[in-house]
Amino acid sequence: MFDRLIQVSLEKKLAVSLGAALLLLLGIGIISYRSTADLIDHESRVVHTHEIREAIEQLLLLMEDLESKYQIDLLTGQRQYLHSYHEKRQNIEAALHTLAGQTLDSQVQRQHVLTLHRLIDLRLTQSRTLIDLRDADKIDIHELKAHLDVGTETMNKIKVVLGKMREQEQMLLAGWSKRTDSAAAFTLSLIFGGTLLTIVLAGGGGLVIFYDLAKRRQAEKAVMVGHTRQALILRSLPIVMYSAKPSGDYGALWVSENSEAVTGYPPKSFVDNPSLWASRLHPDDQEKTLAEFNKLSETGALATEYRWQTYDGRYRWFRDQAVLIRRSDGTSQELVGLFADVTAQRQTDELIRRQADIINQIQETVITVDMNGYVTSWNNGAERLLGYTVNEALGKHISFVYPMEDREFLERDVLAPVKAKGTHQVEIRRRTKSGALRVAHLSLVLLRNDNGAPIGIVGYSMDITDRKRGEEALLNSRNQLAALAVRLESVREEERGRIALEAHDVLGQALTGLKLDVSWVYKQIKESNGSFEPSAVLSRLASSLELVDSTIQSVREIATTLRPGVLDQLGLEAAVEWQAREFRHRTGIACTTSISPDRIGVGDQQSTALFRILQEVLTNVARHAHASNVDIRLEETRDHVIMQIRDNGQGITLDEKSGPQAFGLLGMRLRAKQQGGAFDIQGRPGIGTTVTVRMPRSPTSDD
């Protein structure tokens, strides 16, 4: 457009200037006429404003006159006010009507007139009502004074409204007067200005021509500089600008000069071969891309990305942005747009996306925070292990997953070392969303930008809660086994001592007595020379036989204590009943048994384990339970043999079950576990304790 203006001939410019001057003079004449008409109109408005002001003053005078006569009538009791009431009201209404007609062109004044009408009606009604009350002797002096105050307030409102109308008209009068003066001055100026302009146009034509020539030379120089700058900018930018057909194959009409640097094709190739762009689209992107371009008639603009084959045969990603230019009749004229190579950006985005996918596939937690400790990324492993979603975690300080008592540890032993060293490893405790406390091994690395400045911290943590629990359980198990070994050795020594004591006290005494009896008999026979008294010898031998029988019984009792023969001879069922009788006889505690069926399908080792557990439980009942009744139940199910011992004692406590001195319970639990079974003990304070042993049933001939 600017180039075309420069190319217009000087003659045409002079003709246009002359025509413009004539039009200007004609315009000055028209403006002068209109200015004169405006001057007359302004004078009329000034007169109209004066008339409105007079109407306002007239209305105010009528109201004040009516008010004064009303008060005289009310105070003196005369009837003059009533005689002139209707006449005055008609005059006031006529004045209001006149004022309303004069203010039709002002919305503000019309509103004031409506307000006046309402207030005046109210005041007249108040006055008439008060006169009627006075005439009927229904009002005293105090009520009269109150009504007078109300009427005075209404009258004051009327005066306020009239005052506002008067001020409004005063402002209008000042404005219209000023406009009238301005219009008069403007009209006079036009007369002198038109004459002066004619002289100036004639004398300044030459100057305009000279100035036009100078501007033409400057414009040509500026255009050349602009073209040079534009070409330089386009060559330096990796963005190709183009103009293309608005439909069909969208062939190029013009392409910027840097197209060869970006695509390998010079601009001429796009213009000479309109189908070049569409034919080089990637087969997988061609249909989608052309469909988006086809929607331009509806959308008017687009922004899309597609793969396009450059001159060297490689497909590269391009981002294309275009707008549709329409003619004045609305039809499509051309496409104007630009496209840029975004392959590197796409590759970077794809790399970042893949890295993010890899991080999200990690089952352990990977979390990044900024230098202040606020979460900036949260992988799927963190969401799974800690329970918080990405939206719940992002932006929060990482301390929200640490126990309250570990907040100082977090700052001192977690964040501070990695900021100082760049890397750090530490074991931490974290609290999940559900409130569970988990232990993790945390590895931290300091993140830096391209300049080496720290920008954040990435932490990879492996949950080691189960391992820690296993280590603690293993350590506890070792400690318990060591304590159990010591306890077993102590029990063995106690048992050995008891057996030695039994052998010494019972068997030793019996054998000593037997030796004395045999020695006496031997002496009697030897010294008698065949003439001893048989009765005395026989009596002593009979005593020896009784002592031998007693010794044999003591040996049997000791053997039975070590391992009852009934367990081997008659089986587990008889051994349980025998042990219950022995316990009842020894302690005086009632002990009942229930065995079903009569023959329990267990092997020898299982029988021994169950019997020894029964002995240990009954020993504990006698020592600690303070019970008066014990119930033993032995039964067989399809897959298990279950022995349950229940007492009605004081009930075992949690500390007694898990305490370091619960060696008997540990031994029973190990016995059951060695046979593939399970041992359980439950206590209820004041109600009693129940021990349940469950072992797998051994196959029998009946199976």
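Scope of the values below: all heavy atoms of this structure, side chains included, with no hydrogens, waters or symmetry mates. Computed from a predicted model, the values in this text were never measured in an experiment. This chain uses plain numbering: 1 for the first residue, then up along the sequence.
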Please determine, by modelled atom types, if Asp284 and Tyr306 share a side-chain donor-acceptor pair under 3.5 angstrom. no
Tell me if a side-chain donor or acceptor on Thr343 pairs with a main-chain N or O of Trp317 at a distance below 3.5 Å. yes
Looking at CG of Leu670 and CD of Gln675, how far apart are the two atoms once the value is rounded to the nearest 0.5 Å? 11.5 Å
Taking Arg314 first and then Asp312, would you say they form a salt bridge - that is, a charged N and a carboxylate O separated by under 4.0 Å? yes
Counting only N and O atoms by type, is there a donor-acceptor contact under 3.5 Å from the side chain of His424 to the main-chain atoms of Lys419? no
Listed partners of Gln644 passing side-chain contact (heavy atoms from CB on, under 4.5 Å), at least two apart: Arg633, Arg646, Thr690, Thr692
For atom NZ of Lys288, is the number of surrounding heavy atoms from other residues, nucleotides or ligands below 6.0 Å larger than 12? yes
Counting C-beta onward and ignoring hydrogens, is there a side-chain heavy-atom pair between Val375 and Ile367 closer than 4.5 Å? yes
Salt bridge (charged side-chain N to carboxylate O under 4.0 Å, His left out) assessment of Glu405 paired with Arg429: CA-CA 10 Å; Glu405 61 272 18; Arg429 298 192 306 166; 3.2 Å; yes
Rounded at 0.5 Å granularity, tell me how far CG in Asp341 sits from CD1 in Ile239. 11.0 Å
Looking at Tyr250 and Lys245, what are the two nearest heavy atoms and their distance? CD2-O, 3.3 Å
Distance in Å, Asp285 CG paired with Thr304 OG1, rounded so as to fall on 0.5 Å steps: 8.5 Å
For His624, does its backbone N or O pair with a side-chain atom of Gln650 as donor and acceptor, under 3.5 Å? yes
Ignoring hydrogens and angles, tell me if any N or O in the side chain of Asp249 forms a donor-acceptor pair with the backbone of Gly251 under 3.5 Å. yes
To the nearest 0.5 angstrom, please state how far the CH2 atom of Trp254 sits from the OH atom of Tyr242. 11.5 Å
Side chains of Phe318 and Val262 in contact at under 4.5 Å (non-hydrogen atoms): yes
Do the non-hydrogen side-chain atoms of Leu296 and Glu298 ever get within less than 4.5 Å of each other? no
Is it true that atom CE of Met462 has more than 12 heavy atoms of other residues, nucleotides or ligands lying nearer than 6.0 Å? no
Does either side chain, that of Asn379 or that of Ser377, offer a donor lying less than 3.5 Å from an acceptor on the other one? no
Hey, does the side chain of Thr299 reach the backbone of Lys295 with a donor-acceptor pair shorter than 3.5 angstrom? yes
Carefully, step by step, assess Trp277 and Tyr265 under the rule ring-ring contact (aromatic ring centres under 6.0 Å, His included). CA-CA 10 Å; Trp277 174 79; Tyr265 290 97; over 10 Å; no
Can you sort out the partners of Ala291 under side-chain contact (heavy atoms from CB on, under 4.5 Å), two or more places apart, ordered by chain and number? none
Do other residues, nucleotides or ligands put more than 12 heavy atoms under 6.0 Å from Gln605 CD? no
Closest non-hydrogen atom pair, Val255 against Pro267: O-CB, 3.5 Å
Keeping Arg431 on the side-chain end and Gly435 on the backbone end, is there a donor-acceptor pair under 3.5 Å? yes
Please answer whether the main-chain N or O of Ile642 pairs with a side-chain N or O of His640 as donor and acceptor at a distance below 3.5 Å. no
Side chains of Glu383 and Thr389: is there a donor and an acceptor less than 3.5 Å apart? no
Does the Gln425 side chain pair with the main chain of Leu444, one donor and one acceptor, at a distance under 3.5 Å? no
The test is ring-ring contact (aromatic ring centres under 6.0 Å, His included); show your working for Phe409 and Tyr402 and say whether it passes. CA-CA 10 Å; Phe409 169 82; Tyr402 283 76; 7.5 Å; no
Test Thr376 against Thr368 for side chain to side chain donor-acceptor pair (under 3.5 Å), laying out the working first. CA-CA 6 Å; Thr376 56; Thr368 59; 2.8 Å; yes
Evaluate the side chain to side chain contact (heavy atoms under 4.5 Å, CB included) criterion for residues Ile613 and Phe679: first the C-alpha distance (whole Å), next the side-chain angles of each, then the deciding distance (0.1 Å), finally the verdict. CA-CA 10 Å; Ile613 291 173; Phe679 176 88; 4.3 Å; yes
Reported CG-to-OG distance for the pair Leu253 and Ser243, which is rounded to 0.5 angstrom: 4.5 Å
For the pair Arg448 (side chain) and Ala453 (backbone), establish whether a donor and an acceptor sit closer than 3.5 Å, ignoring hydrogens and angles. no
Show, in sequence, the C-alpha distance, side-chain angles and deciding distance for Arg307 and Arg316, and conclude whether the side chain to side chain contact (heavy atoms under 4.5 Å, CB included) test is met. CA-CA 5 Å; Arg307 286 165 289 182; Arg316 300 186 65 83; over 6 Å; no
For a quick check under 3.5 Å, do Glu260 and Asn258 share a side-chain donor-acceptor pair by atom type? no
Checking Arg671 against Glu616 for the salt bridge (charged side-chain N to carboxylate O under 4.0 Å, His left out) test, could you report, in this order, the C-alpha distance in whole Å, the side-chain angles of both residues, the deciding distance, and whether it holds? CA-CA 11 Å; Arg671 283 184 185 274; Glu616 186 72 21; over 6 Å; no
Can you tell me how far the CD atom of Gln321 sits from the CE atom of Met241, to the nearest 0.5 Å? 11.5 Å
Trace of the side chain to side chain contact (heavy atoms under 4.5 Å, CB included) decision for Tyr388 with Thr432: CA-CA 8 Å; Tyr388 295 96; Thr432 66; 5.8 Å; no
Could you tell me if the side chain of Met668 sits less than 4.5 Å from the side chain of Asn620, heavy atoms only? yes
Heavy-atom pair with the smallest gap, counting every atom of Arg384 and Glu364: NH2-N, 4.5 Å
Quick one: does Ile428's side chain get under 4.5 Å of Val414's, heavy atoms only? yes
Show your reasoning for whether side chain to side chain contact (heavy atoms under 4.5 Å, CB included) applies to Tyr374 and Val369. CA-CA 5 Å; Tyr374 291 92; Val369 299; 5.9 Å; no
Looking only at non-hydrogen atoms, find the nearest pair between Leu386 and Trp378 and report the distance. CD1-CH2, 3.6 Å
Ser332 and Leu324 have their tightest heavy-atom pair at OG-CD2, 3.6 Å
Is there side-chain contact between Leu335 and Val323, with heavy atoms separated by less than 4.5 Å? no
Below 4.5 Å, heavy atoms only, C-beta onward: do Arg326 and Gln333 meet side chain to side chain? no
If you compare all heavy atoms of Pro454 against all heavy atoms of Leu446, which two are closest, and at what distance to 0.1 Å? CB-CD2, 3.9 Å
Is there a donor-acceptor contact under 3.5 Å from the side chain of Ser279 to the main chain of Leu276? yes
